[in-house]
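So the structure is just underneath, and the comments pick up after that.
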Amino acid sequence: MEINLGKLAFDIDFHPSENLVASGLIDGDLHLYRYSSDNTNSDPVRVLEVHAHTESCRAARFINGGRAVLTGSPDFSILATDVETGSTIARLDNAHEAAVNRLINLTESTVASGDDDGCIKVWDTRERSCCNSFEAHEDYISDITFASDAMKILATSGDGTLSVCNLRRNKVQAQSEFSEDELLSVVLMKNGRKVVCGSQTGILLLYSWGCFKDCSDRFVDLASNSIDTMLKLDEGRIITGSENGMINLVGILPNRIIEPIAEHSEYPVERLAFSHDRKFLGSIGHDQMLKLWDLDNILQGSRSTQRNETGVVANDGDSDDGDEMDVDNSAFKFSKGNRRKNASNGHAVGDSNNFFADL
């Protein structure tokens, strides 16, 4: 299934229980589409269109069990929109002092946001306040993931480092050495024992949990196309989206490209996401299209490979030893680097403690 968004999209997210997918666009709009799970020939229908921000909508996440969508923007704001009505639930105009670039869910009542100056904030919907703030990086936050068991946030940045933020102690607990390469994506693998980071040059950096200073392994077979986005399929496999438009299935420890599973377009893949039932893989790219791939179909070849190589992909052992293009005026999303910081003047100043008052 394909959806022509008409504009460049920066983020997608699937509803946690319904066949809905949200997309944040370069013109500040938030689109919501309903798709069919049993008939891939029926076109998805747009059920909501909201002009959420005065600048691009870089981040979008369903919250509160899917009752609301949270969006972030270079206009420094974070907006909560009602899924049913499209009405504004709450807006925080001064959520960050720089462009908001990433949003993720942590727990049922907390979300995290990252900005272009390397700051990460955690918002508590119960206390209706910002409960944690980390000056973790010197450049934009490119991706965030959450280790729920340890209550730690892991983030990658354009400054070439990986950070570990401890929510219990409210401190940046660890930070990697500079990798001399922008880090663009991060996932937790091997039951939390490995952290995998995708880079601007297409190299995967593997870190062992607790040993974040330097990577324990480097996988170079995807170079030289930047790995802009990654999804964890299972403990031994990830799905990567690269700047050449390819979506690859990659094995981790042992490290190998299992197979290319889809080609979004000839342009870079911006984001990947799974539907709530993991029936579909969603992808957006610089071709202004949102595509829904039947996950069973595109992984069919890899399952045959697994049967022929029993134990290889599932091996959990470590190897530590051995047309005009749309432009976001506040950021060069296509190069991922050399971001221009938002210089907007006169943005509203509000009370961050009241952001979630109506959620």
* pair Ile252-Phe219: side-chain heavy atoms closer than 4.5 Å -> no
* To do: Give the cluster check for Val122 versus Leu70: same hydrophobic cluster or not, with ILVMFWY residues linked at side-chain heavy-atom distances below 4.5 Å.
  => no
* Glu177 and Lys213: CA distance, side-chain angles, deciding distance, salt bridge (Lys or Arg N to Asp or Glu O under 4.0 Å) verdict -> CA-CA 5 Å; Glu177 295 179 349; Lys213 206 67 179 175; 5.6 Å; no
* To do: With sequence neighbours left out, write down each residue that passes salt bridge (charged side-chain N to carboxylate O under 4.0 Å, His left out) with Arg169, or none if nothing qualifies.
  => none
* To do: Check whether any side-chain heavy atom of Ile26 sits under 4.5 Å from a side-chain heavy atom of Phe10, and report yes or no.
  => yes
* Structure fact -> For Leu5 and Met289 the tightest heavy-atom approach is CD1-C, 4.4 Å
* Asked: Side chains of Leu8 and His286: does their closest heavy-atom pair fall under 4.5 Å?
  -> yes
* Evaluate the side-chain proximity of Thr145 to Val187: yes if any heavy-atom separation is below 4.5 Å, no if none is. => no
* Could you tell me which residues satisfy side-chain hydrogen bond (donor to acceptor under 3.5 Å, both in side chains) with Asp221, sequence neighbours excluded, listed by chain and number? => none
* ILVMFWY network linking Phe280 to Leu290, side-chain heavy atoms under 4.5 angstrom -> yes
* Asked: Linking I/L/V/M/F/W/Y whenever any side-chain heavy atoms sit under 4.5 Å apart, do Val69 and Phe14 land together?
  -> no
* Asked: For Thr229, which residues count as a side-chain hydrogen bond (donor to acceptor under 3.5 Å, both in side chains) partner, sequence neighbours excluded?
  -> none
* Does Leu167 reach the side chain of Phe134, with side-chain heavy atoms less than 4.5 Å apart? -> yes
* **Residue pair Ser142 / Ser157: nearest heavy atoms and the distance that separates them** => OG-N, 3.5 Å
* Heavy-atom pair with the smallest gap, counting every atom of Ala136 and Ile120 -> CB-CD1, 4.1 Å
* Asked: Is the shortest heavy-atom distance from the side chain of Ser283 to the side chain of Leu272 under 4.5 Å?
  -> yes
* To do: List for me each residue that meets side-chain hydrogen bond (donor to acceptor under 3.5 Å, both in side chains) alongside Lys171, sequence neighbours excluded, and say none if there are none.
  => none
* Hey, could you give me the CG/NZ distance between Asp234 and Lys190, rounded to the nearest 0.5 Å? => 8.5 Å
* Asked: If you measure from OG on Ser265 to CD on Glu2, what distance do you get to the nearest 0.5 Å?
  -> 10.0 Å
* Asked: Is Val21 reachable from Leu32 through a run of hydrophobic residues whose side-chain heavy atoms are each under 4.5 Å from the next?
  -> no
* **Partners meeting side-chain hydrogen bond (donor to acceptor under 3.5 Å, both in side chains) with Ser199 (sequence neighbours left out)** => Asp181, Thr201
* Are Val196 and Ile257 connected in a single hydrophobic cluster, I mean Ile/Leu/Val/Met/Phe/Trp/Tyr linked by side-chain heavy atoms less than 4.5 Å apart? -> yes
* Between Arg271 and Asp13, is a salt bridge (Lys or Arg N to Asp or Glu O under 4.0 Å) present by the stated rule, with each step listed? -> CA-CA 9 Å; Arg271 294 289 175 209; Asp13 193 37; over 6 Å; no
* To do: Heavy atoms only: give me the nearest Ile141-Ile144 pair and the separation to one decimal.
  => CG2-CG1, 3.6 Å
* Considering only heavy atoms from C-beta outward, does the side chain of Tyr267 approach that of Gln288 to under 4.5 Å? -> no
* Output the rest of the hydrophobic cluster of Val186: all Ile, Leu, Val, Met, Phe, Trp and Tyr residues reachable through side-chain heavy-atom contacts under 4.5 Å, sorted by chain and number. => Leu154, Leu162, Val164, Leu183, Leu188, Val195, Ile203, Leu205, Tyr207, Trp209, Phe212, Val220
* **Electrostatic pair Asp294-Lys279, nearest N-O below 4.0 angstrom** => yes
* If we only count heavy atoms from C-beta on, is the Phe62 to Asn105 side-chain gap below 4.5 Å? -> no
* Structure fact -> What one should report as the nearest heavy-atom pair of His53 and Ser77 is ND1-OG, 2.8 Å
* Asked: Minimum heavy-atom separation for Glu263 to Trp293, with atom names?
  -> O-CH2, 3.5 Å
* Asked: Can you name the one residue among Leu281, Ile298, Asn248 that meets side-chain contact (heavy atoms from CB on, under 4.5 Å) with Ile239?
  -> Leu281
